[in-house]
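Let me begin by presenting the structure, written as structure tokens, before commenting on it.
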Amino acid sequence: MDKIVVKGGNRLTGSVRIGGAKNAALPILISSLLTEGWCTYENVPVLRDIDSIKQLLTHLGADIETKGHTVRINAKGLNNPEAPYDLVRKMRASILVLCPLVARLKKARVSLPGGCAIGARPINFHLKGLSLLGADIELKHGYVEASADSLKGNEIYFDIPSVTGTENLLMAAVLAKGKTVLRNAAREPEIGALVDVLNQMGAKIEGAGTSVISVEGVENLQPVSISIIPDRIEAGTFMVAGALTQGDIEIIDCEPDHVSGVIHKLRQTGTDISVKDKTIHVKGSKDIKSIDIKTLPYPGFPTDMQAQFMVLLSVAGGLSIISETIFENRFIHVSELRRLGADITVSGNSAMIKGVPALSGAPVMATDLRASASLVLAGLIAQGTTEINRIYHLDRGYEAIEKKFQNLGADIQRIR
Ligand code: EPU
């Protein structure tokens, strides 16, 4: 299996272009199941998760053509309602095919995704919502079996705003009869991106970006041609890299509004950040200040940036506290960062980070995407060599990460 080897100590300078957002691309590619013609998507990142979803859509009967960052999908031939365990277990977002399958084929059989490294991650909101829209749902032999002759609009309330829960139910509500209102819906930019696509297809959705989204069902939807929004977590990861290495980098083709929480928290650490149109300029400070962080649903601080900030705070002056409120087990990186010399103590959902003067390189590995990214960041400043093993997870969500860091001046190699 590939590994990444980083020799720490280089100051990063130059510019880096941000690619399309993985978590926007996944539901958007899946939404092509709701139409019967060729949909064209540009700026689709080249990632393992995108390959997994294309494999699943092909299995369901869709035709797919890929050329670089452009993906075309035609779901006219959609005929298979079953998403099997082997395809779903690779990626939890596969559960997003559930509602489009029921909307188009009147039935679906989708493997339960199961837990993952960062927590149990149940899908009860997806199931409860779909049943409120009129589907019969049973759990059998590790599969969700759902069927509905026709879906009917209803009021759905989320106990906790769920990103994929909101996306899944939107893809049922658009073809349901009558009006659906999603309350306490997620407000992440990826929801807005999916709603833009669905509305271009002919759906009638209002309120994206707020916690109340209403949908007036329509008879059918038309194919679309769109470009995927920039990845806010990739942008945030490079922003932290700039701050961490006392670098001077420009992050281009990003959406600064989508990372405003990250910008605010980085400024509190003493990092100099300026924003102009689609570019963020980051200048790291010699003295990183300690800060406290609490992860929250958007527009709060993203859980997907928590591990990266932990690296920064592990070399800050003083004591920082990070509270993780979204996932119950998202401190997998802590034990690995400790091996690099970080002083971190975890108690329940809080981590106490005492800044140390420097980290020192060591072999490490992680079983989660963002945790793996945090280890690459740690390697950039650790004295000596850091070897990041099992980078399978990194390739799920960051396109050519080592090349982008090389271009900024890092000493980083992928060993095949
Ligand atoms: N939850 C439930 N029941 C449900 C659904 C969610 O209890 O039916 C809980 C979860 O356990 C969690 C909270 O609600 O405590 C929020 O989870 P959410 O459903 O919003 O997470 P998700 O949709 O499974 C997406 C991203 C994650 C990101 C989270 C939070 C995609 C494909 N995944 O997951 O991205 O961390 O939202 O922002 O959009 C990543 O990219 O590395 C990643 C894990």
Side-chain angles (χ1 to χ4, degrees), residues 19-31 45 47-50 52-53 56 88 90-99 110 112-132 137 139 144 156-171 182 184-194 211 228-229 231-237 258-259 261-262 295-308 324-330 332-333 349 366-374 392-399:
K22 166 181 82 84
N23 289 345
L26 292 171
I28 287 174
L29 296 187
I30 291 172
S31 72
L47 298 171
R48 206 178 274 261
D49 273 7
I50 298 294
S52 301
I53 213 67
L56 176 56
V88 176
K90 284 193 201 154
M91 193 185 52
R92 295 185 49 86
S94 306
I95 191 65
L96 285 168
V97 301
L98 177 69
C99 288
V110 179
L112 283 163
C116 78
I118 62 176
R121 303 182 75 183
I123 54 159
N124 53 325
F125 303 158
H126 305 231
L127 303 185
K128 191 175 132 210
L130 185 56
S131 105
L132 282 169
I137 297 182
L139 300 183
V144 179
I156 295 170
Y157 172 78
F158 288 94
D159 291 337
I160 306 170
S162 161
V163 177
T164 48
T166 303
E167 292 163 348
N168 220 345
L169 293 170
L170 278 170
M171 290 192 280
L182 304 179
N184 201 21
R187 292 182 283 165
E188 271 67 4
E190 293 75 20
I191 307 284
L194 174 65
S211 52
I228 303 294
I229 60 168
D231 194 309
R232 63 195 168 101
I233 307 300
E234 188 192 20
T237 303
H258 294 173
V259 282
V262 171
T295 64
L296 285 171
Y298 190 86
F301 186 88
T303 172
D304 289 345
M305 283 301 303
Q306 180 256 104
Q308 300 89 318
E324 169 58 58
T325 76
I326 308 291
F327 293 116
E328 65 274 22
N329 189 28
R330 213 171 194 186
I332 315 161
H333 40 286
N349 73 345
T367 46
D368 154 46
L369 166 56
R370 308 302 169 186
S372 306
S374 78
Y392 168 86
H393 291 281
L394 206 54
D395 290 336
R396 288 187 43 210
Y398 290 89
E399 181 176 339

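Note that ligands are numbered from 1 as they come in the structure, with each ligand's atoms numbered from 1 the same way. All values below come from the heavy atoms of this structure, side chains included, with hydrogens, waters and symmetry mates left out.
Nearest protein heavy-atom neighbour of atom 44 (C) of ligand 1: Arg330 NH2, 3.5 Å. Looking only at protein heavy atoms, the nearest one to atom 21 (O) of ligand 1 is Phe327 CZ, 3.8 Å. What sits closest to atom 23 (O) of ligand 1 on the protein, heavy atoms only, is Thr164 OG1, 2.6 Å. From the protein, the heavy atom lying nearest to atom 13 (C) of ligand 1 is Ile160 CG2, 4.0 Å. Summary of contacts: the protein heavy atom closest to atom 32 (C) of ligand 1 is Asn23 OD1, 3.4 Å. Among protein heavy atoms, atom 2 (C) of ligand 1 sits closest to Phe125 CE1, 3.3 Å. For atom 15 (O) of ligand 1, the nearest protein heavy atom (residue, atom name, distance) is Ile326 O, 2.5 Å. The protein atom (non-hydrogen) at minimum distance from atom 24 (O) of ligand 1 is Arg121 NH2, 3.0 Å.
Residue-to-ligand polar distances keep Asp368 apart from ligand 1: every N/O pair is separated by 3.5 Å or more. At under 3.5 Å, a nitrogen or oxygen of Lys22, whether backbone or side chain, sits near a nitrogen or oxygen of ligand 1. An N or O contact shorter than 3.5 Å links Ser162 to ligand 1 by distance.
Contact annotation: the side chain of Tyr398 approaches that of Leu369 to within less than 4.5 Å [non-hydrogen atoms, C-beta and beyond]. Two residues are said to be in side-chain contact when any heavy atoms from C-beta on lie closer than 4.5 Å; Leu47 and Ile50 meet this criterion. Taking the side chain as every heavy atom from C-beta outward, Arg232 and Pro189 approach each other to under 4.5 Å. Residues Thr164 and His126 have side chains in contact (heavy-atom distance under 4.5 Å, counting atoms from C-beta outward). Between Pro297 and Arg187 the shortest side-chain heavy-atom distance does not fall below 4.5 Å. Between Ile160 and Phe125, the closest side-chain pair of non-hydrogen atoms falls below 4.5 Å.
Close contacts between ligand 1 and Asp304 involve ligand atoms 27 (C), 28 (C), 35 (O), 36 (O), 40 (C), 41 (O), 42 (O), 43 (C), 44 (C) [criterion: under 4.0 Å to a heavy atom]. The atoms of ligand 1 that sit less than 4.0 Å from any heavy atom of Leu369 are 42 (O). For ligand 1, the atoms closer than 4.0 angstrom to any heavy atom of Thr303 are 30 (C), 36 (O), 38 (O).
At a heavy-atom distance under 4.0 Å, atoms from both the backbone and the side chain of Asn124 approach ligand 1. Contacts with ligand 1 closer than 4.0 Å are made by heavy atoms of both the backbone and the side chain of Val163.
Taking a 4.0 Å cut-off on heavy atoms, Arg92 fails to register as neighbouring ligand 1.
Under the 3.5 Å distance criterion, the side-chain polar atoms of Asn329 are matched with a main-chain donor or acceptor of Ala117.
Applying the side-chain hydrogen bond (donor to acceptor under 3.5 Å, both in side chains) criterion to Glu324, with sequence neighbours excluded, gives Thr295, Thr303, Gln306. For Asn23, the side-chain hydrogen bond (donor to acceptor under 3.5 Å, both in side chains) criterion is met by no residue, not counting sequence neighbours.
Residue nearest to atom 40 (C) of ligand 1, selected from Glu328, Arg370, His393, Glu190: Arg370 (by heavy-atom distance). Considering Gly397, Ala93, Ala117, Pro122 only, the shortest heavy-atom separation from atom 4 (C) of ligand 1 involves Pro122.
Closest approach of His258 and Ile229 over heavy atoms only: CE1-CD1, 4.2 Å.
In summary, Glu234 and Lys22 do not engage in a salt bridge, as defined by a charged side-chain N under 4.0 Å from a carboxylate O. We find that Asp304 and Arg330 are joined by a salt bridge, their nearest charged nitrogen and carboxylate oxygen being less than 4.0 Å apart.
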